[in-house]
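What follows is one structure encoded as structure tokens, with my remarks underneath.
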2 protein chains.
Amino acid sequence: MESRIDRIKKQLHGASYKLTPQREATVRVLLENEEDHLSAEDVYLLVKEKAPEIGLATVYRTLELLTELKIVDKINFGDGVSRYDLRQEGAAHFHHHLVCIECGAVDEIQEDLLEDVEAVVEKRWNFQIKDHRLTFHGICWRCTEKHAEEKNKENVNNPNNNEDF
Amino acid sequence: MESRIDRIKKQLHGASYKLTPQREATVRVLLENEEDHLSAEDVYLLVKEKAPEIGLATVYRTLELLTELKIVDKINFGDGVSRYDLRQEGAAHFHHHLVCIECGAVDEIQEDLLEDVEAVVEKRWNFQIKDHRLTFHGICWRCTEKHAEEKNKENVNNPNNNEDF
DNA sequence: TGTTTAATGATAATTAATATCAAATGATAA
DNA sequence: TTATCATTTGATATTAATTATCATTAAACA
């Protein structure tokens, strides 16, 4: 974790920015919540817990800066807020997302999976791909399991209700 | 075109909505600008040319309705506005986009291309895919050509400047 | 230490989108 | 046809996310 911060510090310096205490606090929040997909407001509230004097504008500015430097990616799942997602260190491309339309959970796919598709697009459409956004909308494994359980319970109550026949 | 409107009318009726003059004017604008990726404001201005009495709220409401019925897809390219894109008739999934980071052009890919990837995701992540969003960011063929031309011109002016050696 | 530049915090301004509500429209049944 | 009811609309107010402004503070520097 500390080394990760150090490397981010170096990236900032490389672009002649400083890792101020406010920026560091923001980066730490992102690192501590790597699984989540926080909005600027979310980040602000979490940073405020550790550094109450920080302003919302600074959080926005920091997130914008980190996005420029490709340390985080800004993504929008269609709910009207931008969310910020740490990029895997050394990842050439942004990872993919699974958004559950029932429970709203967002899971990540770190595997590339798009190599073949990108080769086709580069050649057939003569398009030089620099980055991508891929999101699947559907039903997550947790909701699928829950449905199965509910069906089980139903069948215990009504043993004749067997949809298989 | 007329038949396309008729089919949309039937889709609306099927969900017990009417194709009011305002809704029809909005749909016509979308059909006449199928290549573009209009924002709600864009649609509003175009509809206003034909039906000046229409209100912005009605346009928003119509676009929301068409999105619900999967006649259009709402998409966000990260510039802070939602854009609305007619779905191909009978298309199971939303088509893909190529966004040029130089000139801002947005091109469409109607081919699916994701069949294999989706099969993997459904199985490995146990996720039931209902829809997707795939956007590539990079340099379009027009900008690539333009660069090549500029390089040519440069070499004519400085015949010794041959970067190949 | 004084000076210049970068960064911050508070807050105003902007803007996309939604909510509200009275009026208009359209369908329905007496 | 006319009274009635639900749907839709247009104008406008409201909300909420993001950006802009600007005086103040912190940091780098010479």
Side-chain angles (χ1 to χ4, degrees), chain A residues 8-29 37-69 71-85, chain B residues 8-29 37-69 71-85:
Chain A
I8 289 173
K9 189 176 186 173
K10 278 188 191 113
Q11 282 186 267
L12 284 173
H13 287 166
S16 46
Y17 294 106
K18 309 163 204 167
L19 183 64
T20 63
Q22 291 90 338
R23 286 175 182 163
E24 184 173 336
T26 304
V27 169
R28 281 183 189 281
V29 162
H37 299 83
L38 304 175
S39 67
E41 189 79 27
D42 294 338
V43 174
Y44 172 62
L45 292 173
L46 288 167
V47 173
K48 229 172 156 45
E49 287 175 13
K50 329 170 121 182
E53 71 288 357
I54 201 168
L56 177 59
T58 300
V59 171
Y60 269 101
R61 280 186 289 238
T62 301
L63 291 172
E64 196 192 333
L65 178 60
L66 295 173
T67 303
E68 247 172 55
L69 299 180
I71 294 165
V72 308
D73 281 294
K74 191 175 175 178
I75 192 168
N76 191 303
F77 294 125
D79 60 349
V81 269
S82 292
R83 298 181 177 279
Y84 298 86
D85 212 351
Chain B
I8 289 175
K9 188 175 186 174
K10 281 191 189 109
Q11 280 186 270
L12 284 173
H13 286 164
S16 43
Y17 293 107
K18 306 165 207 167
L19 185 63
T20 63
Q22 291 90 338
R23 286 175 183 162
E24 185 173 333
T26 305
V27 169
R28 278 183 192 280
V29 163
H37 298 83
L38 304 174
S39 67
E41 190 78 26
D42 295 337
V43 174
Y44 171 64
L45 292 173
L46 289 168
V47 174
K48 230 173 155 46
E49 287 176 11
K50 331 171 121 183
E53 71 287 357
I54 202 169
L56 177 60
T58 300
V59 171
Y60 269 103
R61 281 186 289 236
T62 301
L63 291 171
E64 197 193 333
L65 178 59
L66 294 173
T67 304
E68 247 172 56
L69 298 181
I71 294 165
V72 309
D73 282 292
K74 192 175 177 178
I75 192 167
N76 192 302
F77 294 125
D79 60 348
V81 269
S82 293
R83 297 180 178 278
Y84 298 86
D85 211 350

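Numbered from 1 within each chain, the chains take letters A, B, ... in sequence-line order.
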With A:Lys9 via salt bridge (Lys or Arg N to Asp or Glu O under 4.0 Å) - residues at least two apart: none

Let me have a per-nucleotide readout for nucleotides 7-18 of chain C, 5' to 3', with B, S or -, counting only protein heavy atoms under 4.0 Å. SBBBB----SBB

Starting at the 5' end of DNA chain C, write a dot or bracket for each base, bracketing those in Watson-Crick or G-U wobble pairs whose two distances are under 3.5 Å and using | for partners on another strand. ||||||||||||||||||||||||||||||

Nucleotide D:dT7, atom P - distance to NE2 of B:His13 in whole Å: 14 Å

Compile the donor-acceptor pairs under 3.5 Å between side chains in residues 10-23 of chain A and protein atoms, sequence neighbours left out, one pair per line.
unit_1  : atom_1 : unit_2  : atom_2 : d
A:Thr20 : OG1    : A:Arg23 : N      : 3.1
A:Arg23 : NH1    : A:Lys18 : O      : 2.7

By side-chain hydrogen bond (donor to acceptor under 3.5 Å, both in side chains), A:Lys74 pairs with (sequence neighbours left out) none

With B:Arg83 as reference, evaluate B:Val72, B:Leu63, B:Asp42, B:Asn76 under the side-chain contact (heavy atoms from CB on, under 4.5 Å) test and give the passing residue. B:Asp42

Can you list everything that forms a side-chain contact (heavy atoms from CB on, under 4.5 Å) with A:Tyr60? Sequence neighbours excluded, please. A:Ala40, A:Leu56

Applying salt bridge (Lys or Arg N to Asp or Glu O under 4.0 Å), can you list everything that pairs with B:Lys48, at least two apart in sequence or on another chain? none

Could I get the full list of salt bridge (Lys or Arg N to Asp or Glu O under 4.0 Å) partners for A:Arg28, not counting sequence neighbours? A:Glu2, A:Glu24

Which residues pass the salt bridge (Lys or Arg N to Asp or Glu O under 4.0 Å) test with B:Asp85, sequence neighbours left out? none

Rounded distance (Å) that lies between atom P of D:dA16 and atom CG of A:Asp42: 15 Å

